[in-house]
Undergrad: 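The structure that follows is given in the form of structure tokens.
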Amino acid sequence: QVQLVESGGGFLQPGGSLRLSCAASGSIFSIYALGWYRQAPGKQRELVATITTGGITNYADSVKGRFTISRDNAKNTVYLQMNSLKPEDTAVYYCNAEPHAWVGGQDDYWGQGTQVTVSS
């Protein structure tokens with residue numbers, strides 16, 4: 001089992017910055033990648049950014065140039081630095097852990113979600 005604990009959500013005005021953190025514990029060796037997804041009311045959950053242990057990153061087009069994902073492998077923690085925030089970034093942000101394929105049939109792990117609200 002992998003446990004994900006998120007922090008850093010909050011309320012801020014457009015143009016502001018926020019950093020989300022997600023600490024992973026448990027069977028860390030089984031994790032291939034960590035990432036962030038978000039879900040706004042009435043919308044589908046969508047990928048924001050992912051990063052592998054080796055540092056390979058992937059971003060949604062909507063956040064490229066504004067968000068930066070990073071990972072501290074020593075602390076088993078993934079971060080999402082969010083700059084130039086827009087109202088459309090408002091959502092519940094979920095931490096995600098993707099198991100290695102060799103685990104076989106293991107579903108992704110999810111954090112409880114943290115609310116990010118961007119409003120003037």
Undergrad: Evaluate side chain to side chain contact (heavy atoms under 4.5 Å, CB included) for Gln81 paired with Ser17, printing each intermediate quantity in order.
TA: CA-CA 7 Å; Gln81 178 65 48; Ser17 298; 3.9 Å; yes
Undergrad: Taking atom types as modelled and ignoring hydrogens, do the side chains of Glu98 and Asn96 form a donor-acceptor contact shorter than 3.5 angstrom?
TA: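 Side-chain D/A pair, Glu98 to Asn96: absent.
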Undergrad: Any side-chain donor-acceptor pair under 3.5 Å between Thr90 and Glu88?
TA: no
Undergrad: Could you tell me which non-hydrogen atom of Tyr109 sits nearest to which non-hydrogen atom of Leu4, and how far apart they are?
TA: O-CD1, 3.5 Å
Undergrad: To the nearest 0.5 Å, how far apart are OG in Ser119 and CG in Leu85?
TA: 12.0 Å
Undergrad: Taking the side chain as every heavy atom from C-beta outward, state whether Ile56 and Ile51 have any pair of such atoms under 4.5 Å apart.
TA: no
Undergrad: Kindly state each residue pair satisfying side-chain hydrogen bond (donor to acceptor under 3.5 Å, both in side chains) with at least one member in residues 40-49, sequence neighbours excluded.
TA: Arg38-Glu46
Undergrad: Under 4.5 Å between any side-chain heavy atoms of Arg66 and Asp89, yes or no?
TA: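 Yes, close enough: below the 4.5 Å cut-off.
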Undergrad: I'd like to check Gln115 versus Phe11 (side-chain heavy atoms, cut-off strictly below 4.5 Å). Are they in contact?
TA: no
Undergrad: Is there side-chain contact between Lys86 and Pro14, with at least one heavy-atom pair below 4.5 Å?
TA: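 Result no, sub-4.5 Å side-chain heavy-atom pair not found.
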Undergrad: Please round to the nearest 0.5 Å and tell me the distance separating atom OG of Ser25 and atom CD of Gln1.
TA: 10.5 Å
Undergrad: Is Ile28 reachable from Val78 through a run of hydrophobic residues whose side-chain heavy atoms are each under 4.5 Å from the next?
TA: yes
Undergrad: Determine, stepwise, if the pair Gln112 / Glu6 fulfils side chain to side chain contact (heavy atoms under 4.5 Å, CB included).
TA: CA-CA 7 Å; Gln112 80 287 350; Glu6 301 162 318; 3.5 Å; yes
Undergrad: With distance as the sole test, does Asn73 use its side chain to make a donor-acceptor pair with the main-chain N or O of Asn76 at under 3.5 Å?
TA: no
Undergrad: Do Phe67 and Asn83 come within less than 4.5 Å of each other through their side chains, counting heavy atoms only?
TA: no
Undergrad: Return each pair, listed once, that meets ring-ring contact (aromatic ring centres under 6.0 Å, His included) where at least one residue sits in residues 32-65; pairs must be two or more places apart or across chains.
TA: Tyr32-His100, Tyr37-Trp110
Undergrad: Answer with yes or no whether the hydrophobic clustering places Tyr79 together with Ile69; edges join I, L, V, M, F, W, Y residues whose side-chain heavy atoms lie under 4.5 Å apart.
TA: no
Undergrad: Is there a chain of hydrophobic side chains (I, L, V, M, F, W, Y, each step under 4.5 Å between heavy atoms) that links Leu20 to Leu12?
TA: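 Yes, one cluster joins them.
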Undergrad: Measure the shortest side-chain to side-chain distance between Asp108 and Pro99 over non-hydrogen atoms and say whether it is less than 4.5 angstrom.
TA: yes
Undergrad: Would a hydrophobic clustering, with Ile, Leu, Val, Met, Phe, Trp and Tyr connected at side-chain separations under 4.5 Å, put Tyr94 with Val118?
TA: no
Undergrad: Go through the steps to decide whether Thr50 and Thr57 satisfy the test side chain to side chain contact (heavy atoms under 4.5 Å, CB included), and finish with yes or no.
TA: CA-CA 6 Å; Thr50 60; Thr57 59; over 6 Å; no
Undergrad: Between Lys64 and Asp61 (salt bridge meaning N to carboxylate O under 4.0 Å), is one present in this structure?
TA: yes
Undergrad: Is there a side-chain contact between Val2 and Ser30 in this structure, where contact means two heavy atoms from C-beta onward sitting under 4.5 Å apart?
TA: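 Val2 reaches Ser30 side chain to side chain.
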Undergrad: For the side chain of Arg19 and the backbone of Leu80, is there at least one donor-acceptor N/O pair under 3.5 Å apart?
TA: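 The answer is no, because no donor-acceptor pair under 3.5 Å joins these two groups.
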Undergrad: Would you say Thr77 and Arg71 are linked by a side-chain donor-acceptor pair, where the criterion is simply a distance under 3.5 Å?
TA: no
